[in-house]
Amino acid sequence: WYYNCIIKYYLHISALFVMERRLEMAELSSDIRFLKGIGQQRANALAKLNIFTLRDLICYFPRTYEDRTKTVPIAALKSGETACVRAIVANEPTLSRVRRGMELVKLRIVDDSASIDVTYFNQNYVREQLKKGQSYVFFGKVTLDGLRFTMINPLFEPEDSPATLTGRIVPIYRLTAGISQKMLISAVRRGLDECANSLPDALPVDVAEKASLCKVPYAYENIHFPAD
């Protein structure tokens, strides 16, 4: 499917700029600042990636992907590996200041097999997001701190929330200062939702069907967010 999508993209990309003018909308040429969650500051940062419009955003393809579909029992974790863990917060997150400008939030998470420590550096807002007794999916690198395993600054999502950063194949984009993977993934998701029905197709329907090529919205969706 991936190569099918890439082929379809290259077949119609040259026509995209011409056909864009025929669209009654301003979606593809809309300034990226007006996409929800962007604003002027993030637009300035995105400009360093040559992303100025909605079209630039949806044509900014991932450089690779990470498979975060599988969770690993805590007891099976190994130092140095990056993994997804489905676990319950065992204690109230605690905040400590080790020195000026350095704050640590620490907590312990548990599953049916074992427990592991979690530490966040200068992210004290996670104290309000991580609730004792609730289950989350954590994704991060496992390290050995003394005799105990720990995860430093892992991504996390509530277990019962729609998966965007865990539990799926996640796109990895080239970044710049002021732009995180989480922010860019969310922006691309919103961008595709905004313009999916407005993407022009350079090929006649019968030609595309004869060649068994997917439709343009499907191509963009699966280049950015492949199902498998």
Side-chain angles (χ1 to χ4, degrees), residues 36-37 42 62-99 101-175 177-190 192-193 221-228:
K36 183 179 179 181
R42 286 177 172 171
R63 61 177 178 81
T64 188
Y65 303 86
E66 279 186 345
D67 187 350
R68 303 179 186 176
T69 58
K70 298 179 180 179
T71 57
V72 180
I74 292 176
L77 293 173
K78 298 178 182 178
S79 180
E81 77 172 333
T82 301
C84 272
V85 172
R86 194 180 307 274
I88 295 173
V89 175
N91 63 291
E92 295 290 347
T94 59
L95 173 66
S96 60
R97 294 177 174 85
V98 294
R99 63 175 182 269
M102 176 65 72
E103 296 180 334
L104 302 181
V105 174
K106 294 188 175 183
L107 60 142
R108 182 169 295 179
I109 60 176
V110 300
D111 65 8
D112 292 337
S113 67
S115 66
I116 186 173
D117 294 329
V118 175
T119 302
Y120 289 94
F121 288 88
N122 291 331
Q123 298 183 45
N124 58 11
Y125 57 85
V126 302
R127 284 195 307 160
E128 305 300 323
Q129 298 177 353
L130 292 167
K131 306 295 184 180
K132 178 182 177 181
Q134 294 189 13
S135 183
Y136 301 83
V137 180
F138 296 85
F139 175 80
K141 188 173 183 179
V142 179
T143 59
L144 189 61
D145 184 8
L147 298 177
R148 289 190 58 83
F149 284 128
T150 185
M151 297 181 84
I152 305 296
N153 295 336
L155 300 170
F156 65 90
E157 293 178 317
E159 184 178 13
D160 58 356
S161 70
T164 57
L165 299 174
T166 63
R168 61 177 301 155
I169 296 174
V170 177
I172 304 298
Y173 299 93
R174 184 170 60 87
L175 302 176
I179 301 296
S180 67
Q181 291 291 347
K182 183 177 181 180
M183 176 264 148
L184 193 50
I185 288 171
S186 296
V188 172
R189 176 71 275 162
R190 286 193 296 270
L192 287 175
D193 291 342
E221 178 69 26
N222 283 275
I223 288 174
H224 285 288
F225 302 107
D228 51 34

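Note that the coordinates shown come from a computational prediction; the quantities given were computed from them, not determined experimentally.
Contact of the L107 side chain with the T94 side chain is not registered, since no non-hydrogen atoms from C-beta on lie closer than 4.5 Å. Within the 4.5 Å cutoff, the side chain of S115 has no heavy atoms near those of the F149 side chain. Counting only heavy atoms from C-beta outward, the side chains of T164 and S186 never approach each other to under 4.5 Å. Residues I152 and T150 are in side-chain contact: their nearest non-hydrogen atoms beyond the backbone lie under 4.5 Å apart. Between I172 and Q181, some side-chain heavy-atom pair lies under the 4.5 Å cut-off.
A donor-acceptor contact closer than 3.5 angstrom is absent between the side chains of Y65 and H224. Using a 3.5 Å distance cut-off with no hydrogens or angles, the side chains of R86 and T166 do not pair a donor with an acceptor.
Taking every heavy atom of both residues into account, N124 and V105 meet most closely at CA-CG2, 3.6 Å. Nearest heavy atom pair, residue F225 against residue P171, reads CE2-CG, 3.9 Å.
In this structure, the side chain of S113 engages the main chain of A75 through a donor-acceptor pair within 3.5 Å. Between the side chain of R68 and the backbone N or O of L165 there is at least one donor-acceptor pair closer than 3.5 Å.
Heavy-atom neighbours of D145 CG from other residues, nucleotides or ligands within 6.0 Å: at or below the threshold of 12.
Expressed to the nearest 0.5 Å, how far NZ of K70 lies from SG of C84 amounts to 12.0 Å. Taking CD1 of I116 as the reference point, atom OG1 of T143 lies at 7.5 Å (rounded to 0.5 Å). For the atom pair CG (L95) and CZ (R97), the distance works out to 5.0 Å, reported to the nearest 0.5 Å. Note that CD1 of I88 is 15.0 Å distant from CZ of R108, once rounded to the nearest 0.5 Å. One distance of note links CZ of F121 with CD of E103; it measures 12.0 Å at 0.5 Å rounding.
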Next on the checklist: salt bridge (charged side-chain N to carboxylate O under 4.0 Å, His left out) for K141 and E81? Distances and angles first, verdict last.
Outcome noted: CA-CA 6 Å; K141 188 173 183 179; E81 77 172 333; over 6 Å; no
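Aromatic ring pairs are classed by plane angle as parallel below 30°, tilted from 30° to 60° and perpendicular above 60°; the pair F156 and Y136 is perpendicular.
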